[in-house]
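Okay, structure first, notes after.
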Amino acid sequence: EGGMGTVKQSDDFTLTGSLPSARAHRRFCELLPQEHRSVEESLQARVSLEQILSLPELKANPFKERICKVFSTSPSRDSLSFEDFLDLLSVFSDTATPDIKSHYAFRIFDFDDDGTLNREDLSQLVNCLTGESEDTRLSASEMKQLIDNILEESDIDRDGTINLSEFQHVISRSPDFASFTV
Amino acid sequence: MSQSPAFVLNVLETPEDPEGQEPSPYDESEVHDSFHQLIQEQSRWVAEEGLELQQRQPETGALGASGSDHETMLGPEGAPVYSMATLRILASMPSRTIGRSRGAIISQYYSRTVKLRRRAGRPQLRDMGRSARPSLRLYDLELDSAVLEEEEKRGLLVKELQGLTAAQRDHMLRGMPLSLAEKRGLREESRPPRGKHRAQWHRGLLSCCDQLRDSCVLASHNLGLALLSGLQALMPWHYALKRIGGRFGSSVLSYFLFLKTLLAFNTLLLPPLLAFIVGVQAAFPPAPTGPVPAFTGLELLTGGGYFTHSVMYYGYYSNATLNQPCASPLDGSQCTPEAGSLPYSMPLAYLFTLGAAFFITCITLVYSMSRSFGESYRVGSTSGVHAITVFCSWDYKVTQRWATRLQHDNIRTQLKELLAEWQSRQHRRSACGQLRRVAVLGLVWLLCLGTTLGCTLAVYTFSELMIKSPVSAEREAVLLLLPLVVCLLNLGGPYLFRILAALERHDSPVLEVYVAICRNLILKMVTLGILCYHWLGRRVGTLKDQCWENFVGQELYRLMVMDFIFTLLDTLLGELVWRLFSEKQLKRKGKPEFDIAGNVLELIYGQTLTWLGVLFSPLLPAMQIIKLLLLFYIKKASLMANCQAPRRPWKASHMSTVFISLLCFPSFLGAAVFLCYAVWQVKPSSTCGPFRTLDTMYEAGKVWVRRLEKAGPRVSWLPWIHRYLVEDTFPIYLVSALLLAVIYLNIQVVKGQRKVICLLKEQISNEGEDKIFLINKLQRVYERKERSRSSREAGQSQELSVLTSGANLGPVFSVKCGRGP
């Protein structure tokens, strides 16, 4: 049938490796209410952010809201369709190229969505990494020193922000970026 | 000045944004603007402008242009304040839109596709408009100076994609960071249209073939995908590894992946041995030489007794040609060849199978090492450690909440350590401190090497003692003493090294790990070296009339068994008991860390033993496989119950490369050297084994080549190869010289790449300064315009007020112009 054909076609692009599109479809359907789980409806339906955030892979991730926002194509950026869900899985799979991963990582880290990582973005990023509570954050002087060092190392054109090319250059120097998989 | 020049830019149509709304990054209808038109207008305007308005502050003008520009941009604390128009232009700068706008991505990949298709480099510079600054990135965003809409760009991309082959097109599409729906649309549009072929009948035939081929391709593709997913599900421990990665992160996972790799190597080694050596000999068992001892349980530990006269050891194998078509004629009569039998020379099979198996293992090892090295090494990868830590260190595989909390703690500690390290590097240590540090380092290394020497002497003395007191058949358990001593030293040595390492202070924690690995490795390899000397140097002499190969095989078996038992003990004591002890007695919350380096070295040691012993005991790889399987489950159980992930920063891919290099260099190379020496130089024992009548094992091959020479001219190429390529030393020199040349060239290439990177970075930072200069100029232009407009309005309202009230107030400049220097 057409619905599952579309679903299977996505395998060519996503090659989600351990989670082919049919299984992803099943996972997605589990998030929908019982009456909307037919194939046609599920391809059109949208799942709210809260439900996506309840997935086990995303539940404990500090970047979960940003991840959902980046992949959501709805106008108000608060729900994910099945295609968005597939996009998410494909970017986070083992088979996505490092180019795609770094591109999406950049968009996830860009908290104010302006196309560059400025100091506020970086400090928010570091706070996400170190923990939510007050006593786990770095002190203000440490934060400033850290951001200065980061900009010193990665801002090649010295404009005070890190754009996509500079970010990809930094990432390409670290082979451990394969950890950007779920 | 009174005229207001007409500006062409769209942006200036809406200068009054009441709430100062930022341009939404998702306005896909925004087109890319180069600075071309803006700069033209501005240069014209500046030329026309004669009189400037009275400024509130004197403009620093062109004098300290770069200085003040820098002040503006990199202001001390507060961010520089720009007008909305400037911000709008800033937001649509190509370097910013590439990170968020679909049109930019499409045009970027359009240029990439063009490059791919036409194999051309960057377009000529003279195609660019004079002021549409050619970007120094690899791809240009605009190939012509006309402004293209997103739809047009998309059409261009589709056209370019149609020109690629299907495989290239798919590869290109897979690499694009666009959403699935768009990729699907692009693919649909760029498929070559098939409907046109249906018009003519011979083309109809072609379309049939095309369709058939397409459906075959699709079917095989689907089958391949199904197989792949099925295979992955079947892959051993797939789910278990996922769980381990989810709870402990990629660093602990690297140990288990290494275990899997070793299992793969042993599985590669075993089938040829089973098929060509063990299986054949088991099918044609030789005549028993004496009474076979009964099976007691001790054989499992010592490997002797009942196992001595079995396929397990070298001595069992016959030195004759099995399954000979012609039985040796006892009475000189003609022999009648039996039908359907293939003569099988056991010595040749033994030699060649082992040689081939080792060669394949060597190739596989070198290939996986070079691939791992290629993945983990980058030119200039040692710098930028802060940025890399912040951007790359979050492990997305971790899914449990408590593991996430642990990651938060680890990352925070790592960041603080990095900052502290950076701080300490800023303050140069005094000469006295440096000297002290070097002295302590030297002392600790001396102590460690001294410990190693002590262990070596102990093993040597003990082995000499074992030679002097021969062991009778009843007291075979005494043979277990030497392996026991070796394993005890291997167990105690690393703990001692860890205590000694607490004395020295390293700058970076990663260096500590490397140094610890180095020391442990030296201890293990030197011990093994002494044992090899003991076997090939001394035992061969003392066991003249007996089967020394069997003895060596049994020794290696005993070592392997003891090693396994001691690993179990170490896991039990080091992890389980320590956790119970620390929880009950010391009342500490933290579980013991999983010692990745130590465990990996033990795996490498075990594999070295296997490779050393394969010549004397062909079934040793099977034992190693069983041992690795058991080890996996035991280590996993202990890990889940007792341990936590290590706190030290651990670059998983780096360490995988280090592990596999260690497997290749000291371990495999040492085993290969030992084997070569045993095959080429040592006289095999004359009472047992497939080489009992020869001077060296290698002679079997030589004898065969001589026989081939006599056989006739048909197979003369083989003896020719043997004489001129193997026995002659010139080809070896040639190959080594070529290898050295290749290595030297690669080093030079890497050096050159580093230089080029430095130069490019300088260029980019110069361009960045240009950009800052231009942005500030832009900002001044808008400010001036604002001021002129507001002053005009103020002047108009002034006139009105003068007309209405008659008072003459001085020109008032609106507060709006106060937007910074």
Side-chain angles (χ1 to χ4, degrees), chain A residues 9-14 18 20 56-57 59-61 73 83-84 86-87 90 92 97 99-100 103-107 109-110 113-116 125-126 129-131 136 138 142 145-146 149-150 153-154 156-160 163-165 167 170-182, chain B residues 25 73-74 91 95-100 137 170 173-175 177 179-181 183-184 225 229 232 250 375-376 378 380-381 383-384 386-388 390-401 403-405 408-409 411-412 415-416 419 422 651-654 761 764-765 767-769 771-772:
Chain A
Q9 259 184 14
S10 324
D11 268 336
D12 290 340
F13 293 126
T14 58
S18 55
E57 286 91 347
K59 214 174 6 178
N61 198 316
T73 50
E83 300 227 328
D84 299 336
L86 268 188
D87 268 337
S90 83
F92 276 100
T97 60
D99 241 4
I100 291 191
H103 189 100
Y104 278 94
F106 182 78
R107 283 171 68 176
F109 293 157
D110 187 10
D113 280 328
D114 64 352
T116 56
L125 172 62
V126 172
L129 286 178
T130 56
T136 55
L138 295 181
E142 283 174 339
Q145 187 61 58
L146 182 63
N149 284 352
I150 292 175
E153 287 162 2
S154 15
I156 306 179
D157 60 2
R158 310 255 167 257
D159 64 350
N163 60 19
L164 178 67
S165 315
F167 182 76
V170 168
I171 294 293
S172 71
R173 281 186 297 174
S174 155
D176 283 314
F177 195 57
S179 67
F180 196 72
T181 51
V182 186
Chain B
M73 194 64 195
L74 315 164
S95 65
R96 294 198 183 193
T97 53
I98 191 67
R100 56 167 209 258
R137 283 178 298 179
D170 277 340
L173 280 174
R174 207 172 286 148
S179 73
L180 262 180
K183 283 197 218 185
R184 211 179 297 133
L225 277 177
S229 56
Q232 278 210 342
S250 333
E375 277 173 10
S376 73
R378 301 276 186 275
S381 64
S383 62
H386 292 92
I388 290 177
V390 166
F391 292 140
C392 307
S393 58
W394 183 264
D395 197 346
Y396 290 77
K397 282 205 177 78
V398 175
T399 52
Q400 309 257 339
R401 207 171 278 277
T404 313
R405 218 175 309 133
H408 283 312
D409 290 339
I411 291 181
R412 190 177 55 252
L415 287 174
K416 290 199 173 171
L419 284 172
W422 185 82
K651 288 194 194 140
S653 68
H654 248 215
K761 275 199 180 149
I764 292 177
S765 99
E767 298 284 342
E769 287 188 18
K771 185 168 75 176
I772 290 172

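Lettering follows sequence order; numbering is per chain, from 1.
Considering only heavy-atom pairs separated by less than 4.5 Å from chain A, the leading option among B:Arg401, B:His408, B:Gln400 is B:His408. Among the candidates A:Leu146, A:Thr130, A:Ile150, the residue making the largest number of heavy-atom pairs closer than 4.5 Å to chain B is A:Thr130.
Side-chain polar atoms of A:Asp157 and B:Ser765 form no donor-acceptor pair below 3.5 angstrom.
Relative orientation of the A:Phe109 and A:Phe167 rings is perpendicular, given thresholds of 30° and 60° on the angle between their planes.
Of all the heavy atoms in B:Lys761 and A:Ile156, the pair that sits closest is O-CG2, 3.8 Å.
Salt-bridge annotation for A:Glu83 and B:Arg184: present, with a side-chain N of the basic residue lying under 4.0 Å from a carboxylate O of the acidic one.
For A:Leu129, the parts lying under 4.5 angstrom from a heavy atom of chain B are both the backbone and the side chain. Contacts of A:Val170 with chain B are made by both backbone and side-chain atoms, with heavy-atom separations under 4.5 Å.
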